[in-house]
Amino acid sequence: MKLKWSEVTPEPVYLTRRALIAAGMASIAAPAFGLTGKPSALSTDEKPNSFEEITNYNNFYEFGTDKTDPARYSATLKPAPWSVKIDGLVDHPGNYAVEDLAPDSALEERIYRLRCVEAWSMVIPWLGVPLAAVLQKAAPQAGAKYVAFQTLEDPKQMPGQAYSSGIDWPYREGLRLDEAMNPLTILATGLYGKVLPNQNGAPIRLVVPWKYGFKSIKSIVGITLTDKQPQTTWQMLQANEYGFYANVNPQVDHPRWSQATERRIGAGLLGGRQETLMFNGYGDQVAQMYSGMDLAKNY
Ligand SMILES: Nc1nc2c(c(=O)[nH]1)N[C@H]1C(S)=C(S)[C@@H](COP(=O)(O)O)O[C@H]1N2
Ligand SMILES: [Mo]
């Protein structure tokens with residue numbers, strides 16, 4: 001039987017841990033929680049969703065298309081040992097172990113909003129490292145302009161890959177190099193002080209908080225630096241609905257629904273919908289990367 005986060009750790013204890021970290025006393029709190037991360041000025045003050053919500057309402061089509069499928073069926077995924085192959089336009093290609101790419105001692109806490117293209121949202125306290133720091137280890141070459149990512153492909157570990165969902169596995173995503181290097185962009189290996197649960201993309205996944213959630217690819221096994229814009233899963237599936245950029249934008253509707261508002265998971269029936277913010281509220285950090293671009297065309 002799996003213990004629920006709510007049974008293990010009442011929220012005040014989590015808040016106490018944050019206070020201890022702030023006081024430089026994280027090691028005292030560490031044993032009960034496993035992982036700790038340095039607090040970041042890039043974190044939001046908004047109240048995080050519960051561990052229960054974050055780990056039971058997921059999109060991870062490799063385990064099924066229902067929101068509860070990943071929590072129910074992802075135990076087959078073996079997140080260790082795990083390495084990420086970094087290749088393409090880099091001086092130091094190779095297979096990098098997750099522990100080397102994101103050592104526990106380097107972890108930062110990043111409490112970010114996550115806005116799914118389906119118009120729901122959460123606030124998640126990730127633990128991770130800047131993607132820029134990971135890419136530097138491989139030393140990108142001058143000609144590198146994009147970064148392509150791939151999820152594991154193994155129907156034994158990811159049973160959803162055995163069924164046709166229209167997706168051409170493995171799941172693929174990509175970023176422009178400047179987006180990849182932006183300080184907001186992280187590779188996460190944990191959340192809520194714990195190692196990343198399988199349903200959230202163990203052992204290592206991308207988090208790009210100003211873009212729709214589908215850009216934040218899970219369970220990454222490959223990172224390729226390239227000079228061409230990479231193909232991405234949702235664009236391959238339905239290019240008129242899902243673009244390469246996928247920046248959160250309340251002014252550009254999905255062809256089948258409005259993107260002006262969102263439903264915050266856990267807000268309850270009386271919570272109502274809230275307005276979606278341009279770039280998911282991260283415009284100060286990212287807007288300059290798109291100056292002069294037509295964001296309705298480059299959706
Ligand atoms: N490999 C892979 N990565 C994926 C997905 C997926 O189906 N497969 N779903 C994406 C979508 S649509 C969203 S909204 C987020 C959800 O992340 P979460 O379940 O950790 O909240 O993961 C993204 N990453
Ligand atoms: Mo999503």
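Worth knowing before you read on, the calculation uses all heavy atoms, side chains too, and leaves out hydrogens, waters and symmetry mates. Order of listing sets the numbers, starting from 1, for every ligand and every atom in it. Fair warning: this is a prediction, and the values are worked out from it, not measured in the lab.
- Protein heavy atom at the shortest distance from atom 21 (O) of ligand 1 is Leu114 CD2, 3.5 Å.
- For Trp210 and Tyr282, the gap between ring centers reaches or exceeds 6.0 Å.
- Interatomic distance, Ile124 CD1 to Phe51 CZ, rounded to the nearest 0.5 Å: 11.0 Å.
- Residue contacts with ligand 1 leave out Ser219, since none of its heavy atoms falls under 4.0 Å from the ligand.
- Side chain to side chain, Glu179 and Tyr290 meet the donor-acceptor criterion of an N or O pair below 3.5 Å.
- For Asn58, a nitrogen or oxygen atom sits less than 3.5 Å from a nitrogen or oxygen atom of ligand 1, counting backbone and side chain alike.
- The protein non-hydrogen atom at the shortest distance from atom 9 (N) of ligand 1 is Asn59 O, 3.2 Å.
- The pair Arg113-Glu262 fails the salt-bridge criterion, with no side-chain N (NZ, NE, NH1 or NH2) lying under 4.0 Å from an Asp/Glu carboxylate O.
- Panel note: side chain Lys215, backbone Gly174; a donor-acceptor pair is recorded below 3.5 Å.
- Among Glu53, Glu62, Lys218, the residue whose heavy atom lies closest to atom 22 (O) of ligand 1 is Lys218.
- Within ligand 1, the atoms closer than 4.0 Å to a non-hydrogen atom of Thr151 are 1 (N), numbered from 1 in the order shown.
- Contact annotation: for Arg205 versus ligand 1, heavy atoms closer than 4.0 Å belong to the side chain alone.
- Ser216 contributes atom OG, which lies 10.0 Å from atom OH of Tyr112 (distance to the nearest 0.5 angstrom).
- Ligand-side atoms of ligand 1 in range of Cys116: 14 (S), range being under 4.0 angstrom from any heavy atom.
- Of the protein's heavy atoms, Gly213 O, 3.6 Å lies nearest to atom 15 (C) of ligand 1.
- Each of the atoms 1 (N), 2 (C), 6 (C), 7 (O), 8 (N) of ligand 1 lies under 4.0 Å from some heavy atom of Phe60.
- Trp169 has its ring centre no less than 6.0 Å from the ring centre of Tyr61.
- Atom 24 (N) of ligand 1 has Ser216 O, 3.0 Å as its closest protein atom, hydrogens excluded (heavy atom only).
- The closest donor-acceptor contact from the side chain of Thr151 to the backbone of Lys218 lies under 3.5 Å.
- Residue Asn200 approaches ligand 1 through these ligand atoms, each under 4.0 Å from one of its heavy atoms: 18 (P), 20 (O).
- Remark: the Arg264 side chain and the Ser121 side chain contain an N/O donor-acceptor pair separated by less than 3.5 Å.
- Close approach of ligand 1 to Tyr171 (heavy-atom distance below 4.0 Å) involves ligand atoms 1 (N), 2 (C), 3 (N), 4 (C), 5 (C), 6 (C), 7 (O), 8 (N), 9 (N), 10 (C).
- Every heavy atom of Met122 sits 4.0 Å or more from the atoms of ligand 1.
- Looking only at heavy atoms of the protein, atom 7 (O) of ligand 1 is closest to Tyr61 N, 2.8 Å.
- Using bins of under 30°, 30° to 60° and over 60° for the plane-to-plane angle, the ring pair Phe214/Tyr212 lands in the parallel bin.
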